[in-house]
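Given the structure is predicted, the values throughout are model-derived calculations rather than measurements.
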Amino acid sequence: MTIHVADHPPAAARPTLRRRMAAAGWDRTTLLVVPAALFVLLLFIYPFIYGLILSFEPMKGGAFSNYTAFFSDPYLYDTIGTTMWLALPATVLNMALAMPIAFRVRNLRWQRALTTILVIPITLGTVLVAEGLLTYLGPQGWLNRTLIELGLSSGPVRLTHNYWGVFLSLVITGFPFVFLLTLSYVTGIDPALPAAAATLGAGPSRQFRHIFLPLLVPGLAIAFCLAFVQAYSVFPSAVLLGAPAGPTRVISIAAYQAAFEQYDYSMASAIAMIMAAVQLVVVVAVLAGRRLFYRGPMGSGKG
Amino acid sequence: MPRAEGARQHGEFGEIRLDRVSRGFDGVMALQDLDLTIRRGEFIAFLGPSGCGKSTALNCVAGLLSLTGGSIWVDDRRIDELPPERRGFGMVFQNYALFPHMTVRKNIGFGLAMRGVPKAEAEARIDAAIRLVQLEAHGTKLPGQLSGGQQQRVAIARAIVVQPPLVLMDEPLSNLDARLRLEMRHEIRRIHQELGRSTVYVTHDQDEALSLADRIVVLREGRVRQIGTPEELYARPATLDVARFMGYRNVFEGELDHWQDGGQGERVAVRRHDLRVVGMPREALGSGRRAAVAIRPEDVLPGPEGEDAISGVVESVEFIGREYAATALTPTGLMLHFRSHQRLHLDEPVHLRAAPERVLVFAAEEGA
């Protein structure tokens, strides 16, 4: 039996444009990225560049005078530490709370209902949560009334218009976010892995240390970064629940005051750039630590 | 470490006894009253279709599922209350369950590290295990860089390097392609013969069970249908279910015709419409007039026309190497699977016979 091979196309023919683009990794599906890329360019990159340039065009003085002004005035540069002192503990606490709860919840049947409930605070927005907390935690709020009623406290505990009000609101608005991310990472781990570790002699704590933790760290690092950035840019609750002139004068308040009280957009841009730089330093540090861990598929083979 | 000492002592067990082991899920019994004694060095296969309770049984032995009834004993020590990490059985998972963030060596050495085996000894044992599964060149790779067959070998090495008294394997070959499956089957057999570790092997593949096991436990709907050697199960399945599962593809019902004592044991004839077959009763046929006949395709052969032959026409022919697998349709609409050494043509008339000692007669199924 003979097999007739179809005639080859003329060898000299140049591949079509589509083929050449496909060879370079640009097929039609990839082109679908273009609108999103344009969107990001217009709404993020352009304002960022604009702000960056603006920050070097101060109302008076040289190109760097905004920055020198910021770092020579403790009223301004202290906001970096103040914000950090709110954002870091709140994020760490949220991570610490989310992890055990995610472990407990991953096998529950009402996991779906719970995650739905937890999404609600995210949709409410920080202002509404701050308003609610203001009355709930206030001197006449339910919490203080209950505490006094039960005799646990002689007078109202002060939880608003200070550090704790802002801290609590950061925990409440940040937790669902951290929890949902953590839950998805925890449930992404094949349950056969801890089972295998158990048959090899690892009890629960060693399963956590040797199997769960190393596999979770890369995901948790991402969750940490997102939650931290969110917390570091706290503004409404710092104003509503905190003491915006003192202990909770966060960096976004400084930027706001520069922009809308002193009408110094250039200074405000400089503060925003400093804020971005601080966030970037933390994110880069965390992501650099993440590189030390395994980041491949969470599966366990070809299952 | 005292736990490690204990585990090593368990390696010297005499037998592992499952006593009426049961497991229910929300009131549905997935496994009921499994009685089995695993002798030292024995290779046991749990065989059955999916959902028969075989994996449940294995997980109960491993300690990954708690029992809802019964007990498990290693000699005179009751272990069903112990968590998996205190039982010290090695397990090979269906999807291998290799730790994706650890190298092949780390994976294999995990159990040794958990047992606190000194580093030098651990390294030597890892080397030996890697040699045993022929992965010498892959020790520093991550599981994701290995093929399915290689991952399987790592999983086996990881389970046996701790020298467990019992190795549990949960459908370890089901994710491999046909050729590799055959190869790994030989490999598992070789490793078992080399190390002599007691093994419980779960599979839905009768060929795997027949070729690997010393004894097979056939499960269906959570209950044991038969326990026996491969030879016993192959030749003398205890129930119609087991027969079906062991490759008796020709199963049909008919009326008990009459009893007949052919001198070499009891014989019984079953009539269905115009055809009549003689076979051996495999269980008490009761007073009912209905009976079911089971015959393997390999035992049905075409021959000359005759009164004792079942006549039909060829429905389909398939070359399976060495011979042809064919089906024939009788005038009364019965489909028979048979084998032929010659190529047959469609619609060609054939006359089929099966030796009475190869024809099994069971009581008819209830409500069938």
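The shortest non-hydrogen separation linking A:G203 to B:E85 is CA-OE2, 3.4 Å. Summarising the geometry of A:R206 relative to B:M114, their closest heavy-atom pair is NH2-O, 3.0 Å, with the distance given to 0.1 Å. For A:A196 against B:R158, the heavy-atom pair with the smallest separation is CB-NH2, 3.5 Å.
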Practice item. Given side-chain contact (heavy atoms from CB on, under 4.5 Å), test A:T199 with B:F89 step by step and report yes or no. Key: CA-CA 6 Å; A:T199 61; B:F89 298 158; over 6 Å; no
Practice item. I would like to know whether B:F110 and A:I211 meet side-chain contact (heavy atoms from CB on, under 4.5 Å); could you show each step before the answer? Key: CA-CA 11 Å; B:F110 187 81; A:I211 309 300; 4.1 Å; yes
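Heavy-atom distances place no part of B:L112 under 4.5 Å from chain A, backbone and side chain included. For A:P204, the parts lying under 4.5 angstrom from a heavy atom of chain B are both the backbone and the side chain. When heavy atoms are compared at a cutoff of 4.5 Å, B:F93 approaches chain A solely by way of its side chain, counted from C-beta outward.
Annotation for B:K106: atom NZ does not count as buried by contact number, only 12 or fewer foreign heavy atoms lying within 6.0 Å. Counting non-hydrogen atoms of other residues, nucleotides and ligands closer than 6.0 Å to CZ of B:F319 gives a total above 12. Taking a 6.0 Å sphere around CZ of A:R20, one finds it holds more than 12 heavy atoms contributed by other residues, nucleotides or ligands.
Taking NE2 of B:H101 as the start and CG of A:L215 as the end, the distance is 4.5 Å to the nearest 0.5 Å.
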Quick one: side chains of residues 170-182 of chain A, donor-acceptor pairs under 3.5 Å with protein atoms, not counting sequence neighbours, listed by atom name and distance.
from: A:T173; atom 1: OG1; to: A:S169; atom 2: O; distance (Å): 2.7
from: A:T182; atom 1: OG1; to: A:V178; atom 2: O; distance (Å): 2.6

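Each of A:P194, A:A195, A:P191 has some count of heavy-atom pairs under 4.5 Å with chain B, and the biggest count is that of A:A195.
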